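What follows is one structure encoded as structure tokens, with my remarks underneath.
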Amino acid sequence: MTDFDTPLAAAFDHCQKTAAAHPGEIQKLVKLQEKNPAAFAEAFVEQMHHVMLMFKKEKSAENVVNFIIKFATHNKEHSEGGFSGSEFYLFLLDYLLTFTNVKERAVRYRCCQLLQGLLQNLGEDACIPDELFESYQNNLLERTNDKIPDVRLMAVQAIARLQDAENEDCPIVTKLTEMIQHDPTMSVRKAALSAVAISATSLTAVLSRTRDVKDDIRAEAYRILGEKILFSSFSREKLVDIVMDGLKDRVETVQKACADMLYENWFAQAKSLENLIHAFFAQDEEAEDPAFESRAIEASEIVIKKILEAMDRDGKRIRWDFLPASASMELTEEQVLIWRVHCEYAKAKIGKMANAADELEDLLPDIPLACLLIRKYEDNIFVCQELLKIASYIDLSDEGGRRILGGISRELLLSPTMSEEVIPLLMKQLARVYRNEHELIQLTLEIIADVREPLDMFCTEEAEMALQEQADRLVELNTLIEELQAEKEEHVENQEYAEAAKLKEELDKYQAEFDTLHATELDREDMEEYVYVRALSITEQLLSGTKQNLKHPGIAGLLEALLLPSVYNTNVAVRTSGLRCLGIFCLLDRYEFQKAGYLNNPSAK
């Protein structure tokens, strides 16, 4: 027994009871150490053995562990004399490393815990001898394979600071990446996930944990993605996957972790909501995968709503600089999407939050401006759709406004440049303007008749005869061209080039006539397809929204005038649209449809 045993035992006993005693006891031990640093170190580790045998995480044991770490690091900075503070610190590190592979699990656990605390308290510029560093790394890497999960977890925390993310072959990064994906214990995977340095390899592992079976791991993965990684590092496809997986997770804590990542990290990185949505949205007019484009837009909408919710929680007043005061102002696709989603969000808050109605009113344009914007962007399908959705929130109590909106909706339905994708939204606007269903049906039938007007020129007896003559002439020209081509080739083979040249002139004349007639035929077919598909698209919206049945003369008349001719049409697009409309037509009143005898017609079936 030495002169140090009794005061050290008293200090350890006092410190296990309360952390408040640590500073005073550290000062006492610093003075005690100065008497004989080497003997003090031996006595110190003897007292340390008691806590190293305790595996259970009791408060008294944790207090002692923290005291040992505080004393070792405090002593390192302040001690003077032959056995310097740095030497005591290194002595303690080396001493603990000799026990990391013992049989007793408590000793392995406490060694890793103490090593972790000692290394964590090193300064940024501190260094340890290469030999000790290598021993530390090798011993702790071995403990990451320990059979006891708590030992593996503590080894992960102890070794985390030694990672070199810039080194592709760093053994620590490699090991932590492996543990993130394959360790069977949830707490160990979570510790490895929190500790791993981000590299090309580890990033893949972190992303994979957003689909871990444990919700705590998934939530931690989103925290790491937000705090350690710039959103601009991800591809558009990966961003969409990350957001959709997180915000649609079945567990609320994971949803919150993803939402916090978006608002606290990525939104701050982007500087503006427009920049953030651009990374998700970036719609490509020539997108190869329409399903992905739809998913990307859905992800963008969810992101906007989450950001708006967070800003509401923080009491931030949301104002957009891009809201147009006149039709001359330009709108990007990201801006119009944010505008529309904010309108939707504000509308949903009415009745639930104060000033929601005022917020929506501030967002909405007046009807004339909305119509001017819709007309301006009619060739941009997405922007036009979003503007029409925004218009659906505008109050139509003003008769003049209703007339303007109804007029622009009718014009666009008749516009040959307007995409079929916009038809449902235009029909909804008409339904808002014309509240009387009979008026709406009458107007829609008039629009359908106007759309079909170009086909009427082909329905007369003279037009049918002209079309037949054109078809016969095409057949005749095709036969002549084939015969002349054969004769020309025969002359060339016989080296009768003069005769071949004459036939070529004649052949070119017939070929030019054939091309002209054929182009006319193709133009007519294209025009017929456009007319039928546009009329059927409008008809589909009418039939889907009406409360009338087949007793209504206007609706019943559509069957013979439009639906059955489209079903018999040779064009696939026309036939498909016609069959869809015919199905909806049947659902309006199946009894009347059967009574009319159309189901007995094989073609109608």
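Note that this is a predicted model, so its numbers are computed, not measured.
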Would you say Asp312 and Tyr345 are linked by a side-chain donor-acceptor pair, where the criterion is simply a distance under 3.5 Å? yes
What verdict does the salt bridge (Lys or Arg N to Asp or Glu O under 4.0 Å) test give for Arg250 and Asp215, after you've listed the backbone C-alpha separation in whole Å, the side-chain angles of each residue and the deciding distance to 0.1 Å? CA-CA 9 Å; Arg250 64 182 181 276; Asp215 51 279; over 6 Å; no
For Glu168, does the CD atom have more than 12 heavy-atom neighbours from other residues, nucleotides or ligands under 6.0 Å away? no
Could you tell me if Thr174 and Thr177 have a donor-acceptor pair between their side chains, going purely by distance under 3.5 Å? no
Distance, nearest 0.5 Å, that separates CD1 of Ile381 from CD of Glu378: 11.5 Å
Quick check: do Leu8 and Phe40 have side-chain heavy atoms less than 4.5 Å from each other? yes
Does the side chain of Val206 come within less than 4.5 Å of Arg209's, by heavy atoms? no
Derivation of the side chain to side chain contact (heavy atoms under 4.5 Å, CB included) call for Phe322 and Glu274: CA-CA 10 Å; Phe322 57 76; Glu274 292 173 59; 3.4 Å; yes
Taking Asp13 first and then Lys17, would you say they form a salt bridge - that is, a charged N and a carboxylate O separated by under 4.0 Å? yes
Is a side-chain donor-acceptor pair under 3.5 Å present for Asp314 with Tyr263? yes
Using a strict threshold of under 4.0 Å (side-chain N to carboxylate O), is an ion pair present between Lys306 and Glu309? yes
Note, Gln163 side chain near Val173 side chain (heavy atom, < 4.5 Å): yes
With a 3.5 Å cut-off and no angle check, do the side chains of Glu333 and His278 form a donor-acceptor pair? no
Do side-chain atoms of Ser233 reach the backbone of Ile229 as a donor and acceptor pair under 3.5 angstrom? no
Will you find, in the side chains of Thr100 and Arg108, an N or O donor that is under 3.5 Å from an N or O acceptor? no
Looking at Glu344 and Arg340, does any basic side-chain N land under 4.0 Å from a carboxylate oxygen? yes
Please report the C-alpha distance between Lys305 and Glu301 in whole Å, then the side-chain angles of each, then the deciding distance to 0.1 Å, and finally whether the salt bridge (Lys or Arg N to Asp or Glu O under 4.0 Å) criterion is met. CA-CA 6 Å; Lys305 288 178 182 177; Glu301 293 175 353; 5.5 Å; no
Show the numbers, then the answer: is there a side chain to side chain contact (heavy atoms under 4.5 Å, CB included) between Leu230 and Trp266? CA-CA 7 Å; Leu230 296 174; Trp266 289 4; over 6 Å; no
Would you say the side-chain atoms of Ser60 and Asn63 include a donor-acceptor pair closer than 3.5 Å? no
Residues two or more places apart in sequence or in another chain: which of them pass side-chain hydrogen bond (donor to acceptor under 3.5 Å, both in side chains) with Glu131? none
Other residues, nucleotides, ligands: >12 heavy atoms within 6.0 Å of Lys228 NZ: yes
Go through Asn145 and Lys175 one step at a time and tell me if the side-chain hydrogen bond (donor to acceptor under 3.5 Å, both in side chains) criterion holds. CA-CA 10 Å; Asn145 296 318; Lys175 185 59 184 178; 2.5 Å; yes
In this structure, are over 12 heavy atoms from other groups packed under 6.0 Å from Lys389 atom NZ? yes
First locate atom CD of Glu34, then atom CG of Leu29, and finally report the distance between them rounded to the nearest 0.5 Å. 11.5 Å
Could you walk me through whether Tyr109 and Ile148 pass the side chain to side chain contact (heavy atoms under 4.5 Å, CB included) test, one step at a time? CA-CA 9 Å; Tyr109 173 75; Ile148 304 301; over 6 Å; no
To the nearest 0.5 angstrom, please state how far the CD1 atom of Ile277 sits from the OG1 atom of Thr332. 11.0 Å
Are Val64 and Cys15 packed together at the side-chain level, in the sense that at least one heavy-atom pair is separated by less than 4.5 angstrom? no
Pair Ser135, Asn139: side-chain N/O donor-acceptor within cut-off below 3.5 Å: yes
After noting the C-alpha distance and the side-chain angles of Ser187 and Thr185, does the key distance pass the side-chain hydrogen bond (donor to acceptor under 3.5 Å, both in side chains) rule? CA-CA 6 Å; Ser187 59; Thr185 305; 5.7 Å; no
Test item: Ile224 and Tyr222 side chains (from C-beta on) under 4.5 Å apart, heavy atoms: no
Between Ser194 and Glu220, do the side chains contain a donor N or O and an acceptor N or O under 3.5 Å apart? yes
If the threshold is 4.0 Å, N to carboxylate O, is there a salt bridge linking Glu359 and Arg319? no
With a 4.5 Å cut-off on side-chain heavy atoms, are Gln385 and Glu421 touching? yes
For atom NZ of Lys57, is the number of surrounding heavy atoms from other residues, nucleotides or ligands below 6.0 Å larger than 12? yes
Nearest 0.5 Å please: distance from the CG atom of Asp216 over to the CE atom of Met186. 4.5 Å
Among Asp249, Thr210, Asp212, Thr253, which residue meets the side chain to side chain donor-acceptor pair (under 3.5 Å) test with Arg218? Asp249
Assess, by modelled atom type and distance only, whether the side chains of Gln113 and Glu62 contain a donor and an acceptor separated by less than 3.5 Å. yes
Taking the side chain as C-beta and beyond, is there a heavy-atom pair between Leu207 and Phe234 under 4.5 Å? yes
Do NZ/NE/NH1/NH2 and the carboxylate oxygens of Arg110 and Glu104 come within less than 4.0 Å? no
Give, for atom OH of Tyr136 and atom CG of Leu141, the distance between the pair rounded to the nearest 0.5 Å. 10.5 Å
Rounded to the nearest 0.5 Å, the CG atom of Leu276 sits from the OG atom of Ser272 at a distance of 8.0 Å
Taking Arg189 for its side chain and Asp183 for its backbone only, find out whether a donor-acceptor pair lies under 3.5 Å. yes
Can we say Lys256 and Glu252 salt-bridge, meaning some charged N sits less than 4.0 Å from an Asp/Glu carboxylate O? no
Out of Leu388, Ile390, Leu387, which one pairs with Leu373 under the side chain to side chain contact (heavy atoms under 4.5 Å, CB included) rule? Leu387
Does Glu237 pair with Arg295 as a salt bridge, N-O distance under 4.0 Å? no
Backbone N/O of Gly117 and side chain of Asn121: donor-acceptor pair under 3.5 Å: yes
Partner of Phe44 under ring pair (Phe, Tyr, Trp, His ring centres under 6.0 Å), picked from Tyr89, Tyr95, Phe71, Phe67, is Phe71
Is a donor on one side and an acceptor on the other found under 3.5 Å between the side chain of Gln137 and the backbone of Leu162? no
For Ile374 and Cys384: C-alpha separation, side-chain torsions, deciding distance, then whether side chain to side chain contact (heavy atoms under 4.5 Å, CB included) applies. CA-CA 6 Å; Ile374 291 168; Cys384 187; 4.1 Å; yes
Thinking salt bridges, do Lys70 and Glu25 make one under a 4.0 Å N-O criterion? no
State, with a plain yes or no, whether a side-chain heavy atom of Lys347 is found less than 4.5 Å away from one of Ile350. yes
Does the side chain of Ser199 come under 3.5 Å of the side chain of Thr201 through a donor N or O and an acceptor N or O? no
Above 12 or not: heavy atoms from other molecules or residues under 6.0 Å from NZ of Lys428? no
